[in-house]
2 protein chains.
Amino acid sequence: MRVTQRDIAKKLQLSISLVAGVLNERPNVWASEENRKRILNTAKEMNYRPNAAARALRSGRTNTVACLFINSPGQHAIVEVLAETLANIGYDLLVKVMRDHEQAQRRIKNLISRSVCDAVVLWGLEKDIEQSAMLLETEKIPFVVKGHFEESHPYWCQVDFDHIKMMEHTVKYLASLGHTRIAYLGYDHDLVYEHKLLEGFRSGMRSCVGIEVKDEYILTANDDMECTNDDTSVLERELEKILAAPREYRPTAFAMGTGLGAWHTIEKLLAKSGLKLGWEPGDITLAGMGGEDAPLLFGEGYMFKDTDVTNLANIIALRFLPKLLKGEYPESNISLFLPSFVRHASFRLSLR
Amino acid sequence: MRVTQRDIAKKLQLSISLVAGVLNERPNVWASEENRKRILNTAKEMNYRPNAAARALRSGRTNTVACLFINSPGQHAIVEVLAETLANIGYDLLVKVMRDHEQAQRRIKNLISRSVCDAVVLWGLEKDIEQSAMLLETEKIPFVVKGHFEESHPYWCQVDFDHIKMMEHTVKYLASLGHTRIAYLGYDHDLVYEHKLLEGFRSGMRSCVGIEVKDEYILTANDDMECTNDDTSVLERELEKILAAPREYRPTAFAMGTGLGAWHTIEKLLAKSGLKLGWEPGDITLAGMGGEDAPLLFGEGYMFKDTDVTNLANIIALRFLPKLLKGEYPESNISLFLPSFVRHASFRLSLR
DNA sequence: TTGAAAGCGCTACCAA
DNA sequence: TTGGTAGCGCTTTCAA
């Protein structure tokens, strides 16, 4: 059976409290050097490990952090980082997956009242997270959220990509290549990061190119489910329209606020006219979001690495949680991360 | 503060044990209908939740399952399924990530002696898992492993893809298209699944084509790190060699035991000679493993869906764990899963 | 039908 | 330097 403090105490003919005191290095308990050694040694010999449940019950601390994914499939790379980093500071990671914020609310109430964790990480879209986080706030459970709550909840511990800077950086890069007619291609589902990206695009254009962006230069890449039967997607039609514009109005570059799919769509569309992505004369230059695993087909481009989500997990586990778990409040509670902007792999298929 | 049984008892002027008995529906405790209702109602009103630590301490059961990933990055899609399915039967999921089997051994000893979970799922390569599982076996902790231990540990609860059937199926499919000169392309790192795939290939060839496979038809796609500088990889050179063979000896199809990268390599190699993957006359037909996200470039092929790992998680969480957690032993402790064999997405880029 | 009481293993406080 | 003891919230046994 499992070894308890009592077992050690009995074996050494000492009191439990002395054993406990020595094992936990309590400041006001100090055994004679000899007893200290004996306790430590037999604890090791007998392979003593404190019982997690008993300790949790008594101390009220569980040494566990819960990570809740609310309606966000495919984001689980971060559990690896979280689990590993938390293990280093002696914490376990509990993972919960929820479909919507109502389920989340219920589960969180459960978590709280059953006292199964000392802190919570909330992962998902802002609209799904917000209410749950507010619940944790009123219950005074330390928590960190993924998302942009800079305006709505400036005191929450929060982590996200710096979407504004990402697009500013993208524009700056494109501008540095000499582009001035830069269009933006992104999604529009009224999600916070989408607004931030567009904001970054506008401000980048203002500061790097000195231009207020015209509406025609803001394109939407939303998939529309209704016309999957069409041979050309909405995006393709939009792009064809803008590329059909007179030469001097046509954008020479796109700041991308999409996934890789849109890059591929553009590549294939351009290929029809013998064009490719890149930096050579005649090329169209793309840069921005999209850094998934698959390579580009024909051309080249710079993207932010999406595997950098693990960096967010690192920030949470290294910068925020250690403080929060000690009952402290981090000096800076908002962490916006600029992922690395790198050349994306490409098959460089030749066009002819 | 959190509501306890005592709070309810005090409020209703009843004893704690009666309250506890009613709340847990204990068979030998039955309050008067009136008191039963009162207890249930106030418990709900006061939002009573049993304290996890106290319950664990007293009962010795934690209602938690630990999933340990040993040296297996990128496999975390399964936590989503595990977490969700376990939640349905009232269990929490603890996730641990370990670099090697030594770290795993230590962590598992810790888990066991601290009594933090009721069962364990081990995920990784057979050689990394085996020792840890043996530890769990001697400690009589219920566990499920991912991998092939049919021969080495036939009584372990184990789940994996049915790699033999997968390759048999692949060969059968290729044979049904009329192919007889079918080569195998796989890895050779002495991993169990690699051997199983090859075994399946051989047996498929035997039963569907009636041929003992010649060694020249077994190709290895191992990346060799040393010659990244070369413009042609080892795989390319091997393929070129076999495709340069006289027409009547050349394979017309490949059973693939690799990832998608090898498919792309082959596609590009074939493209140089104006060939593509597919089923049309002159095409080379590929089928088998490789089902990652990125589409094919030029041609077509059938692959097993690798997102089907979540099916393994489902089997673990639905078929094995409920039994094991009840202290029972599943009727059938080995579950081999045949993933779906589907046409893979392709850009269908035209070759000219 | 109900209640009293022991005790899971640990922490924390007080006394010697 | 050490030991005693209360009690965290719950389960379980026995008694009323």
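Naming convention: chains lettered A, B, ... in sequence-line order (proteins, then strands); numbering from 1 in each chain. What's counted below: heavy atoms across the whole structure, side chains too, no hydrogens, waters or symmetry copies.
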B:Lys10 NZ - C:dG3 P separation (whole Å): 15 Å
Nearest-angstrom distance from the residue atom CZ of A:Arg38 to P of D:dT1: 14 Å
Residues within residues 56-64 of chain A bordering DNA chain C, heavy-atom distance below 4.0 Å: A:Arg58
Geometric class of the A:His163/A:Tyr193 ring pair [parallel <30°, tilted 30-60°, perpendicular >60°]: tilted
Integer-rounded Å distance: D:dC10 P and A:Asn51 CG: 17 Å
B:Arg55 side-chain proximity, nearest of C:dC10, D:dG9, D:dC10: D:dC10
Side-chain donor or acceptor of A:Arg319 paired with backbone N/O of A:Ser332 under 3.5 Å: no
Value in whole Å for how far the P atom of C:dT1 lies from CD of B:Gln13: 20 Å
Side chain of A:Arg6 - closest among C:dG9, D:dG9, C:dG3: C:dG9
Distance test, side-chain N/O of A:Asn24 to OP1/OP2 of C:dC10, below 4.0 Å: no
Closest nucleotide among C:dT11, C:dT2, D:dC10 to the B:Leu18 side chain: C:dT2
Plane angle bin for A:His76 and A:Phe69 - parallel if under 30°, tilted between 30 and 60°, otherwise perpendicular: perpendicular
Any A:Asn35 side-chain N or O less than 4.0 Å from OP1/OP2 of D:dT2: yes
Spacing of B:Asp7 atom CG and B:Ile16 atom CD1 [to the nearest 0.5 Å]: 9.0 Å
Taking every non-hydrogen atom, the tightest pair across B:Ala53 and A:Ala56: CB-CB, 3.6 Å
Between P of C:dA6 and CD1 of B:Ile16, the distance in whole Å: 13 Å
Nucleotide nearest A:Ala20 when distance is taken to its side chain, options C:dG3, C:dT11, D:dG9: C:dT11
Smallest separation among heavy atoms of A:Trp156 and A:Ile334, with atom names: O-CG1, 4.3 Å
Which atom of A:Gln5 lies closest to which atom of A:Val19, heavy atoms considered: O-CG1, 4.1 Å
Rounded interatomic separation in angstrom, taking CG from A:Asp7 and C1' from C:dC8: 13 Å
Whole-Å distance separating the CZ atom of B:Arg2 from the P atom of D:dG7: 20 Å
Taking every non-hydrogen atom, the tightest pair across A:Ala313 and A:Ile78: CB-CB, 3.7 Å
Out of D:dG9, D:dG3, C:dG3, whichever nucleotide has its closest atom nearest the side chain of A:Ser17: D:dG3
Members of residues 40-48 of chain A that approach DNA chain C, where some heavy atom sits under 4.0 Å away: A:Tyr48
Atom-pair distance (CZ on A:Arg49; P on C:dC8), nearest Å: 22 Å
Phosphate OP1/OP2 of D:dG3: any A:Ser15 side-chain N/O under 4.0 Å: yes
Pair B:Asp92 + A:Lys96, salt bridge at N-O below 4.0 Å: yes
Between A:Asn35 and A:Arg38, a side-chain donor and acceptor under 3.5 Å: yes
Minimum-distance nucleotide to A:Gln5 side chain [options: C:dG3, C:dA12, C:dC10]: C:dC10
